[in-house]
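For reference, the structure discussed in these notes is given below.
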Protein chains: 2
Amino acid sequence: MVKKDQGNSELVSIPEPTLRRLPIYYKYLKMKFDEKDRYVSCTTIAKNLNLKSIQVRKDLQVTGATGKPKVGYHIESVLSAIETCLGYNNVKDTLLVGTGHLGLALLGYKGFREYGLNIVAAFDTDPHKIGAVYHGKKVYNLSQFKLLAQRLKIQIGIITTPAEVAQIVCDQMVESGIKAIWNFAPVHLMVPADVIVQNENMSSSLAVLSKQLLERKRS
Amino acid sequence: MVKKDQGNSELVSIPEPTLRRLPIYYKYLKMKFDEKDRYVSCTTIAKNLNLKSIQVRKDLQVTGATGKPKVGYHIESVLSAIETCLGYNNVKDTLLVGTGHLGLALLGYKGFREYGLNIVAAFDTDPHKIGAVYHGKKVYNLSQFKLLAQRLKIQIGIITTPAEVAQIVCDQMVESGIKAIWNFAPVHLMVPADVIVQNENMSSSLAVLSKQLLERKRS
DNA sequence: ATTTTATCGATATATTTTTATCTATTAAAC
DNA sequence: GTTTAATAGATAAAAATATATCGATAAAAT
């Protein structure tokens, strides 16, 4: 990860592993809060999430949240610190392409709103799907993507198409001014340097899982 | 990650970041092979996948694959090295619980076979879904999970249920002898120490994506 | 009030992962 | 055949990340 400290901000870039854990803390803490807990120690968090308490402490430190000896962290404060840190409170609009099962699953996932992500509309090329409305989101013809993306100044695109067409869709997104792509198709996308791609790579998780299983069995 | 070198094997545990990249190389090399290429250098791989060539070289080293100066790696050999390394050639049977859109997306994903994963059957509690067949996989009543899991000696379970019931399903899996759980529900699962959980955590990817986008804009 | 205990926060250390450098090898060009 | 260029492989350095240690602090117990 590129660490850029130049510029005005006091914001030092957060290590990626930490960044990935923050949403996990967030979810956990929300649950705790719903269970009427108000404070929780990093020891407890660590135990529940199978982490080390030191790590939890360090992770939370980057959010600016601060705890109190003997009682732990004030859950609400940490939640709001994470929200600010991850930008959960400024909603980012996105467009999704590909309304197969996976696409529909994402369209229907209420949780995204919580993470500051709003899927505005979906696109497909299948005439049977165009015009349909899923979970309140309309499906447009892919040919209209650019128009909508530019009109709404959308920066984030989601690809849930079959692998074969993902690159084509990707190119179209780039041409439409999309700056970040969340790619669920099992291919590596080629993009210009100024476009970010985040791959949701199931095969990688699977590799970790089955390797662990194998090692566990061996010992 | 726990490094266990005790025991008989020459197999030193592969670093997790490397492990996660191996499937990516695999997919890329397969594509290359399909395009009739036979050799490829780590420089080329690196360029295409936005990595450093040294990293590619080191990653491939752990698979035991070996290249030739001036020509690069023999694609077929590397493919087979990765297959062996990640266990793609010994198929692991799994059961999936939760036949919502996400569950169906996974059921229908042909790619898993390539990665040595075979979803044998699906389970749900919704009477409307039980008995249905999706992509050649039958949906059973969840109450039959234990029976089937034990009879087929299944070790891996996939959870694609709503968050609210994921823990209950998880407990049931553990009770049925499942040793590894691939969890797509947005909750942290509590399991005994001898059970592995791999979370497919979309919120984590999203965090990385939107942070990168923010940092890119700032500079 | 004093002691004890749980906890955070800061600093230091260890480990892991990435990147760089240098050498050896091999195919191709001359 | 000899030279040149591209490349892997080994070793070393650097960077990033995770873990440990210790002192400070605040609540609870005595």
Side-chain angles (χ1 to χ4, degrees), chain A residues 1-5 12-22 24-25 29 32 37-78 81-82 204 207-208 211-212 215, chain B residues 1-5 12-22 24-25 29 32 37-78 81-82 204 207-208 211-212 215:
Chain A
M1 166 169 243
V2 185
K3 178 178 283 175
K4 278 201 182 149
D5 226 339
V12 191
S13 75
I14 299 170
E16 184 170 318
T18 297
L19 199 50
R20 289 189 167 274
R21 282 188 295 268
L22 287 180
I24 298 166
Y25 298 133
L29 292 171
K32 276 287 186 191
D37 286 359
R38 289 301 171 257
Y39 284 88
V40 64
S41 74
C42 67
T43 322
T44 309
I45 299 176
K47 203 177 298 168
N48 281 296
L49 300 181
N50 299 318
L51 300 167
K52 301 283 173 75
S53 62
I54 311 118
Q55 187 166 56
V56 176
R57 221 153 55 222
K58 274 208 100 188
D59 284 343
L60 294 186
Q61 231 159 36
V62 309
T63 69
T66 156
K68 266 201 286 190
K70 190 73 182 185
V71 289
Y73 293 90
H74 183 232
I75 293 178
E76 246 179 314
S77 309
V78 179
I82 295 178
S204 294
V208 175
K211 201 75 188 180
Q212 281 178 336
E215 273 170 17
Chain B
M1 167 168 243
V2 184
K3 177 177 284 176
K4 278 201 183 152
D5 225 340
V12 191
S13 76
I14 299 171
E16 185 171 318
T18 296
L19 198 51
R20 288 188 168 274
R21 282 187 295 267
L22 288 180
I24 297 165
Y25 298 132
L29 292 172
K32 276 286 184 191
D37 286 358
R38 288 303 170 256
Y39 284 87
V40 64
S41 74
C42 67
T43 321
T44 309
I45 300 176
K47 203 176 300 166
N48 282 296
L49 299 181
N50 300 319
L51 300 167
K52 301 282 173 75
S53 61
I54 310 120
Q55 187 168 56
V56 175
R57 224 153 53 223
K58 275 208 101 189
D59 284 343
L60 294 186
Q61 231 159 36
V62 309
T63 68
T66 155
K68 266 201 288 189
K70 192 76 180 181
V71 290
Y73 293 90
H74 184 233
I75 294 179
E76 246 180 314
S77 308
V78 179
I82 295 178
S204 294
V208 175
K211 202 75 188 180
Q212 281 178 337
E215 274 171 18

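A note on names: the letters A, B, ... follow the listed sequences, proteins ahead of strands, and every chain is numbered from 1.
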Mind calculating the distance between [atom1] ([X]) and [atom2] ([N]) to the nearest angstrom?
X	N	atom1	atom2	value
B:K47	D:dA6	NZ	C1'	12 Å
A:Y39	D:dA26	OH	P	13 Å
A:I54	C:dC8	CD1	P	11 Å
B:L51	C:dT17	CG	P	16 Å
A:E16	D:dA18	CD	P	11 Å
A:K58	D:dA20	NZ	P	13 Å
A:K68	D:dA24	NZ	C1'	16 Å
B:I14	C:dT16	CD1	C1'	15 Å

Assert: residue with more 5' nearest nucleotide on DNA chain C, out of B:D59 and A:T44, is A:T44
Between B:A65 and A:Q55, whichever has its closest DNA chain D nucleotide further toward 5' is B:A65
For A:A207 and B:L19, the nearest pair of non-hydrogen atoms, with its separation, is CB-O, 3.9 Å
Using a distance-only criterion (donor-acceptor N/O pair, under 3.5 Å, no hydrogens), is the base of C:dT5 paired with the side chain of A:K70?
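By the distance-only test, yes, there is a pair.
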Side chain of [X]: nearest nucleotide among [options]?
X	options	result
B:R21	C:dT7, C:dT18, D:dA27	C:dT18
A:T43	C:dC8, D:dT17, D:dA8	C:dC8
B:Q61	D:dA10, C:dA27, C:dC8	D:dA10
A:R57	C:dG9, C:dA27, D:dT17	C:dG9

Can you confirm whether [X] sits close enough to [Y] that some side-chain heavy atom of one is under 4.5 Å from a side-chain heavy atom of the other?
X	Y	answer
B:Y73	B:R57	yes
B:T63	B:I14	no
B:R21	B:L51	yes

**Study point:** Distance test, side-chain N/O of B:K52 to OP1/OP2 of C:dT19, below 4.0 Å
**Key:**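 Checking B:K52 against C:dT19: at least one side-chain N or O falls below 4.0 Å of OP1 or OP2.
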Item to complete: Would you indicate, yes or no, if C:dG9 has its OP1 or OP2 atom less than 4.0 angstrom from a side-chain nitrogen or oxygen of A:T66?
Response: yes
Can a salt bridge be assigned to the pair B:E16 and B:R20 using a cut-off of 4.0 Å between side-chain N and carboxylate O? yes
